[in-house]
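Everything on this sheet refers to the single structure shown next.
Chain A is the first sequence line, chain B the second, and so forth, proteins listed ahead of strands; every chain is numbered from 1.
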Number of protein chains: 2
Amino acid sequence: MSHQLKEALDTLKETGVRITPQRHAILEYLINSMSHPTADDIYKALEGKFPNMSVATVYNNLRVFREVGLVKELTYGDASSRFDFITTHHYHVICEKCGKIVDFHYPGLDEVEQLASHVTGFKVSHHRMEIYGTCPDCAIKEAH
Amino acid sequence: MSHQLKEALDTLKETGVRITPQRHAILEYLINSMSHPTADDIYKALEGKFPNMSVATVYNNLRVFREVGLVKELTYGDASSRFDFITTHHYHVICEKCGKIVDFHYPGLDEVEQLASHVTGFKVSHHRMEIYGTCPDCAIKEAH
DNA sequence: ACACTAATTGTAAATATTATAAAGTAATAA
DNA sequence: TTATTACTTTATAATATTTACAATTAGTGT
């Protein structure tokens, strides 16, 4: 079992969230996949292990994980939400052609948050930033 | 007629997009509303003027406007997409309690885009950033 | 005014997500 | 270990958003 998974399970215990086989599997998949799956991706990936699992279970548990702070929900206009296991502070670079998402480590934009708080009077909790463009693969395809 | 509306109509003409009464009204509403309405908001607001207008028309035209670059689509997890008439470069500060969206002017994060491009090899086209927190009104309500 | 082409309408369908109730199961303590 | 209890899962239905489609209507250039 990975260190990250162990930590995640500890977090669940501390917050009084029951550890069910489904939750265990969803977390494990999120951590190992290294991608940013949709709820349906997760559902399909675990169909083999849990033939009786309901889609609702995936959604329920992703919400639980989000509330506990283990998982971040990424929403885009066109498709369904994607879910990302939170590790270190990073942003995402998204290919507009094929939808690929690449992690991009960058120091948090604290200064922007502070200015926003000052100008608008909001009590700022966090921010979200994504960068959009064309990935190298798609750029090559386009050139042909 | 506002300057912005006139310019927007010119843009449509230049790109060969027909100017229909519905499109005129949707643009006008977007410009005047100073808010960030959902497709349904727009539909409801124009029901009086266009009793026969279809929801599909609103969606179709918002997509057209987005393709032409007049309108930006903002997507969040919980609710439906919101649409914003593009004026100057600004970001949004969003209240997590009541959903209020406030504009926040800030110089573009060009440096981040450049670094992302360098690190990931992407050809970057644009980025998106939002700041989340609690608005002053909701902060007062909470204190009571 | 005419003809051509695109837009609107109304409806249906697709998709994503949430709600609900019944059945099952993990955690806790005796 | 077992009984208890509250939380979870499941299965299904419901809701909501958005798109697709075919027939009708309406802009626009000549």
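- At whole-Å resolution of the value, CZ in B:R18 and C1' in C:dC4 are 8 Å apart.
- A straight line from CG of A:L74 to P of C:dA16 spans 16 Å, rounded to a whole angstrom.
- Residues A:Y91 and A:M129 come closest through the heavy atom pair CD2-O, 3.6 Å.
- Within the nucleic acid shown, B:D40 has no heavy atom closer than 4.0 Å to any nucleic acid atom.
- Between C:dA19 and A:N60, no contact under 4.0 Å exists linking OP1 or OP2 to a side-chain N or O.
- Contact annotation: A:S81 reaches the phosphate of C:dT17 (side-chain N/O to OP1 or OP2, under 4.0 Å).
- When only modelled atom types and interatomic distance are considered, B:H118 and B:Q114 share no side-chain donor-acceptor pair under 3.5 Å.
- The interatomic distance linking A:L9 (CG) with C:dA26 (C1') rounds to 14 Å, in whole Å.
- We find that CG of B:D41 is positioned 11 Å from P of D:dT18, with the value rounded to whole Å.
- With respect to the salt-bridge test (charged N to carboxylate O, under 4.0 angstrom), the residues B:K44 and B:D40 qualify.
- For B:Q22 and D:dA26, the shortest distance from a side-chain N or O to OP1 or OP2 is not below 4.0 Å.
- Look at A:Y59 and you'll find a side-chain N or O under 4.0 angstrom from OP1 or OP2 of C:dT17.
- At the heavy-atom level, A:A39 lies nowhere under 4.0 Å from the strands shown.
- The side chain of B:N61 approaches C:dT8 more closely than any other nucleotide in the set C:dT9, C:dA26, C:dT8.
- The two residues A:F122 and B:I94 make their nearest non-hydrogen contact at CE2-C, 3.6 Å.
- Residue B:H24 contributes atom NE2, which lies 17 Å from atom C1' of D:dT28 at whole-angstrom precision.
- At whole-Å resolution of the value, CZ in A:R63 and P in C:dT17 are 12 Å apart.
- Atom NZ of B:K44 is separated from atom P of D:dA16 by 10 Å (rounded to the nearest Å).
- If you check distances only, the side chain of A:R23 never reaches the base of D:dT8 with a donor-acceptor pair under 3.5 Å.
- Remark: the B:T20 side chain and the C:dA7 base include no donor-acceptor N/O pair separated by less than 3.5 Å.
- Ranked by how close their nearest DNA chain C nucleotide is to the 5' end, B:N52 and A:I19 are led by B:N52.
- Residue order along DNA chain C, read from the 5' end via each residue's closest nucleotide, puts B:G16 first among B:G16 and B:A56.
- Looking at which nucleotide of DNA chain D each of B:K13 and A:P21 is closest to, the 5′-most match is held by A:P21.
- In this structure, A:E47 places its CD atom 12 Å from P of D:dT10, rounding to the nearest Å.
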Inset, instruction - Please assess B:H127 against B:E113 for the test side-chain hydrogen bond (donor to acceptor under 3.5 Å, both in side chains), listing each intermediate value before the final yes or no. - result: CA-CA 7 Å; B:H127 68 267; B:E113 285 197 1; 2.6 Å; yes
